[in-house]
Amino acid sequence: MLLQGALIVDGSGAPGWTGDLLIAGDRIAALAPQLDVNANVPRRDCRGLVLAPGFIDAHSHDDAALLATPAMAPKLTQGVTTVVTGNCGLSLAPLVTPDPPPPLNLLAREHFRHASFAAWRAAVDAARPAVNAVGLVGHTALRLRCMADLSRPATPAERGAMCALLDDAMREGAAGLSSGTFYAPAAAADNEELLALARVAARHGGVYAVHLRDEMAGVLGAITEAADCAHAAGLPLVISHHKCAGRAQWGRSLQTLALIERLSQRQALGLDVYPYLAGSTVLREDLADGATPIRLTWSEAHPELAGRWLADIARDWACSEPDAVARLQPGGACYFQMCDADVDRILTHPLAMIGSDGLPHDRFPHPRLWGAFPRVWAHYGRERGLLTLEAAVHKMTGLTAACFGLRDRGLLRAGAAADLVLFNADQLADRADYGQPCEAATGIAAVWVNGALALEAGTPQARAGRVLGRGG
């Protein structure tokens, strides 16, 4: 297929230029201001449209969605062609359990049946997903597999068992390790435990993605803890969904980003961010502080209340918000914890790449699941002028590919994988919001995954995704 006359934004951050791109098989064969090819090659007129690398979701929780809903509509309709899974210490593999505790239940309940990374990888490939996947191994999943008591640090024998499982997973193609000591099942882990695992990932050339222990008052100490661990282990660090959460922390991104910049002088370090003021996770009584607006995304006890504000539920029940949370368990919610100035500052930082952090199994999900990537350009670029088109695309493609070591993704160049998105820069926009969170984006003309047309004018086509090993 010859794509002609597009504005080519190649993912590097360099200025766009008008030209042609030739797809041959699953690769980009050539690109130039004008290509002369055999007359039998099909052509597509792309004048007035932007051609960019397929977007890479640096932070997803799509581990089970790739199996349960392999069409992957929430991501494909945004132009996403690759998702990084296993974040926040949460991964399906290597864990077999019929009843995963929070927050592992964010990944769905019925899919924890993969005792190895290889088994999960084979299951995903057999499902033929519409997008590619990169898999991290979750520290919390390893703890549940190897420890009967999660309220303490691991013993030497338990550390050894976890390290052996991670070593196997890295040999089987995992991209690295993730942790989430913010959550109860991993909160008791000490530095010795985390460092032992990080060193295993480092031996295989992996990365370490961290949901910080504290994103509120103790955020600076939590950043330092994660960075020191990654530095000592000798592997790149990714700070997950960086934020300053809670009204008392608003404005502290000036401090956190200054610290991150200093740390980046000594070690490889990146961060991901989603373009919204609300986060979303499991229901937690300690986050129901009366000052943070909270919107229910799901509840097993009261599924009919998904989408309602917690304050209204508590008022109806004549109880406090923490008491309402207890009655709604297990469940999840959106927490409106951030301010515009911090999100603006973090999202536009040169080290920041884009991750949706979408939760595909929520009954009434955060709109980032369906809208994060178009929103980066539409809201922060076109509407507010905080990013150029080239910078926005770089944060969603080339920067992410470099951070995760995906050598043949994220850039438009001859020989690279033909993961592509074609869109109208004037019309690209997110339609999902907190009231209607499952609306597909507008402005995406077509998406190719591994050279196959995957989406045409909003209609799914071939499913050509696969699990990518380290290096892409």
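Numbers here simply count residues along the sequence, with the first being 1. Since the model is a prediction, treat every value here as computed from it, not as a measurement.
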Carboxylate-amine/guanidinium contact [X] [Y], below 4.0 Å:
X	Y	value
Arg384	Asp344	yes
Glu193	Arg143	yes
Arg159	Glu192	yes
Asp419	Arg409	yes
Lys395	Glu390	no

Parallel, tilted or perpendicular: rings of Phe55 and Phe423 (30°, 60°): tilted

Spacing of Leu177 atom CG and Leu194 atom CG [to the nearest 0.5 Å]: 7.5 Å

Gap separating the OH atom of Tyr276 from the CG atom of Leu347, nearest 0.5 angstrom: 11.0 Å

Trace of the side-chain hydrogen bond (donor to acceptor under 3.5 Å, both in side chains) decision for Ser320 with Asp323: CA-CA 5 Å; Ser320 68; Asp323 287 343; 3.2 Å; yes

Exercise: do Asp57 and Ser60 side chains pair donor with acceptor under 3.5 Å: no

Candidate pair Arg368 and Ser356, rule side-chain hydrogen bond (donor to acceptor under 3.5 Å, both in side chains), full reasoning: CA-CA 6 Å; Arg368 64 193 183 186; Ser356 72; over 6 Å; no

Can you check whether [X] reaches [Y] side chain to side chain, under 4.5 Å on heavy atoms?
X	Y	answer
Val50	Leu422	no
Leu92	Leu107	yes
Leu235	Val207	no
Asp342	Met338	no
Ile239	Val210	no
His242	Thr256	yes
Asp312	Trp317	no

Of His61, His241, His139, the residue whose pairing with His211 passes ring pair (Phe, Tyr, Trp, His ring centres under 6.0 Å): His241

Side chain to side chain contact (heavy atoms under 4.5 Å, CB included) assessment of Tyr335 paired with Leu277: CA-CA 9 Å; Tyr335 300 86; Leu277 300 184; over 6 Å; no

Phe336 ring center within less than 6.0 Å of Trp309 ring center: yes

Enclosure of Arg152 CZ (heavy-atom neighbours >12, cutoff 6.0 Å): yes

